[in-house]
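Structure first, commentary second.
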Amino acid sequence: MRDSADRRSSYTDTSFVSPWNFSDHDPAPRPLVVHDTTLRDGEQQAGVVFTPAEKLCIATALDAAGVNRIEAGMVAVSDDDRKAILSIVEAGLRAEVWTIARSVRSDISMAIDAGVDGVGVILLANSQYRDIFKWSLDAAIGQSIEAAELARQAGLQTTLLLADAPRYTQNELQHVLEVIDGSGQFTAISLMDTFGTLNPAGTQRLIQAIQAWTRLPLEVHAHNDFGLATANSVAALGAGASTIHTTVLGLGERVGNAALEEVVMAAALLQRASTTVRLDHLSGLAQLVSQAAGHPIATNRPIVGTRIGEIESGTVATEFARWSERGGDLQWLFPYVPELIGAKPPTLVLGKYSGMANIDWALQRSQINVPDEHKAALLAEVKAEGIRLHRTLTEADFEATARRFEDPTGQN
């Protein structure tokens, strides 16, 4: 059984997570390097298009938030993408600026001309890709090495993007990694779960196997088809991956990628990983990308949901009120306070599930005096109004209802 010291050690001024997440035998917390691909894979979500100006704005916000690497687009997609990448490079951001390229010289040349810091070289070589593109495993590997060599000669960092890595056979995967490792042309390998087919345990097993076949740093690019992209990314970090690919709001091909805000918060709080990402920028960053992408944020979305700090339930509102009166930490009611990610402080709202604590709080805020003997009737009216409106009440809704029970003398 964990003792009180364990419980206390899981509290901070802004968060509480379970002490069962940690053990004396855990390795030292691993630094989290965030490679954000909102401007490339995020834009691949059907219907999402960023203008060059929006890309520069988002890149600037990612940089201000402390993201380590920004994948600014795919250099061969369009003139607009090349212009956007060039403008981001010329902005002089602290973050590294990356692009991705096919294993062809023309793509690499465009990446070099754009002045990026690094390029991800795509390898399409499992049996499905070989059947589609009619090339052999060694031919595909050779093209990737030649492309990376050209990039390395120009001083670029090079990551092998191992597309659909989980569907390689073990022998094929071992062969690819040993040849790539021996080539000396890559600075890292990215395991791309292109179709989201891994679970956390499978992610850990795959990384542990690969570590025996290469000395290169490992990166992970997870997709969210089973809703596990964040879990797989955090598992990968714990298993030895050094860099995690993310997108803001989890935008990306099909159902998307690992969400930047989820990965950073889970790694920082649940794994105690160190990160340069500023947590208080997460809410604003999500809102910026949401607007540019035309992709509304669900009100209850993890981390950045627009209403996750609102309390309607009467029981929880009572806990909130009593705990606040005692000067207690709100981590009793929230695993992290909304202010940690740059959102508004917790608040009570009124609706069908409200209780007397919600009423007392709303009356105090509105400075409307309702006698104690009428508060139960007011609560009943608030519940009925919430049902009728099919939502929580606005301040104006509540005040209009409360005025019917107001004591005109100002006495309770």
Report summary line: Rounded to the nearest 0.5 Å, the CD atom of E219 sits from the OG atom of S242 at a distance of 6.0 Å
Requested in this report: Without swapping roles, check the side chain of T276 against the backbone of G66 for a donor-acceptor pair under 3.5 Å.
Outcome: yes
Query - Contacts of F226 that satisfy ring-ring contact (aromatic ring centres under 6.0 Å, His included) - sequence neighbours left out - result: none
Query - Approximate separation, where rounding is to 0.5 Å, of L156 CG and T159 OG1 - result: 10.5 Å
Query raised in the report: Once you round to the nearest 0.5 Å, how far does CG of L270 lie from CG of N21?
Result: 5.5 Å
Query raised in the report: What distance do L249 atom CG and L288 atom CG have between them, rounded to the nearest 0.5 Å?
Result: 10.0 Å
Query - Residue list, side-chain contact (heavy atoms from CB on, under 4.5 Å) with R167, at least two apart or on another chain - result: N126, Q128, D164, F195
**Report entry** side-chain contact (heavy atoms from CB on, under 4.5 Å) against A298, all qualifying residues, sequence neighbours excluded
**Finding:** N300, R301
Query raised in the report: So, Q174 and E178: side-chain donor and acceptor under 3.5 Å apart, yes or no?
Result: yes
Report task. Give a yes or no answer on whether the side chain of E310 reaches the backbone of L348 with a donor-acceptor pair at less than 3.5 Å. Result -> no
Query raised in the report: Once you round to the nearest 0.5 Å, how far does CD1 of I297 lie from OG1 of T306?
Result: 7.0 Å
Query raised in the report: Please, which pairs that meet ring pair (Phe, Tyr, Trp, His ring centres under 6.0 Å) have at least one residue in residues 155-177, sequence neighbours excluded?
Result: none
**Report entry** By side-chain contact (heavy atoms from CB on, under 4.5 Å) - contacts of A95 (at least two apart)
**Finding:** D63, I70
Check residues 98-105 and write down every donor-acceptor pair under 3.5 Å in which the side-chain atom is one partner and the other belongs to a residue at least two apart or another chain.
| residue | atom | partner | partner atom | Å |
| --- | --- | --- | --- | --- |
| W98 | NE1 | E96 | OE1 | 3.0 |
| T99 | OG1 | G73 | O | 2.7 |
| T99 | OG1 | V75 | N | 3.1 |
| R102 | NE | D107 | OD2 | 2.9 |
| R102 | NH2 | D107 | OD1 | 2.9 |
| S103 | OG | I122 | O | 2.8 |
| S103 | OG | S144 | OG | 2.8 |

Requested in this report: May I have the step-by-step check of side-chain contact (heavy atoms from CB on, under 4.5 Å) for D193 and N232, ending in yes or no?
Outcome: CA-CA 10 Å; D193 188 10; N232 289 344; 4.1 Å; yes
Query - Spacing of CD1 belonging to I180 relative to CG belonging to L123, to within rounding of 0.5 Å - result: 6.5 Å
Report task. Using atom types as modelled and distance alone, determine if a side-chain donor or acceptor of N257 lies under 3.5 Å from a backbone N or O of H223. Result -> no
Requested in this report: Taking T214 for its side chain and Q211 for its backbone only, find out whether a donor-acceptor pair lies under 3.5 Å.
Outcome: no
Query - Pairing residues for T275 by the side-chain contact (heavy atoms from CB on, under 4.5 Å) criterion, not counting sequence neighbours - result: L32, V264, A268, V277
Report task. Give a yes or no on whether a salt bridge exists between R69 and D36, defined as a side-chain N under 4.0 angstrom from a carboxylate O. Result -> no
Report task. Among residues two or more places apart or on two chains, list those pairs meeting ring pair (Phe, Tyr, Trp, His ring centres under 6.0 Å) that have a residue in residues 240-294. Result -> H35-H245, H221-H245
**Report entry** Main-chain N/O of T158 paired with T187 side-chain donor or acceptor, under 3.5 Å
**Finding:** yes
Query raised in the report: Can you tell me if Y336 uses its side chain to pair, donor with acceptor, with the backbone of I303 under 3.5 Å?
Result: yes
Requested in this report: Report the residues that fulfil side chain to side chain donor-acceptor pair (under 3.5 Å) with E312, sequence neighbours left out, ordered by chain and then residue number.
Outcome: none
**Report entry** Contacts of R215 that satisfy side chain to side chain donor-acceptor pair (under 3.5 Å) - sequence neighbours left out
**Finding:** D181
Report task. State plainly whether the residues E149 and R152 are in salt-bridge range, i.e. N to O under 4.0 Å. Result -> no
Requested in this report: Taking side chain to side chain donor-acceptor pair (under 3.5 Å) as the test, write out the residues that go with E43, two or more places apart.
Outcome: K55
**Report entry** Whether over 12 other heavy atoms sit under 6.0 Å from K383 NZ
**Finding:** yes
Query raised in the report: Who passes side chain to side chain donor-acceptor pair (under 3.5 Å) against T169, sequence neighbours left out?
Result: E172
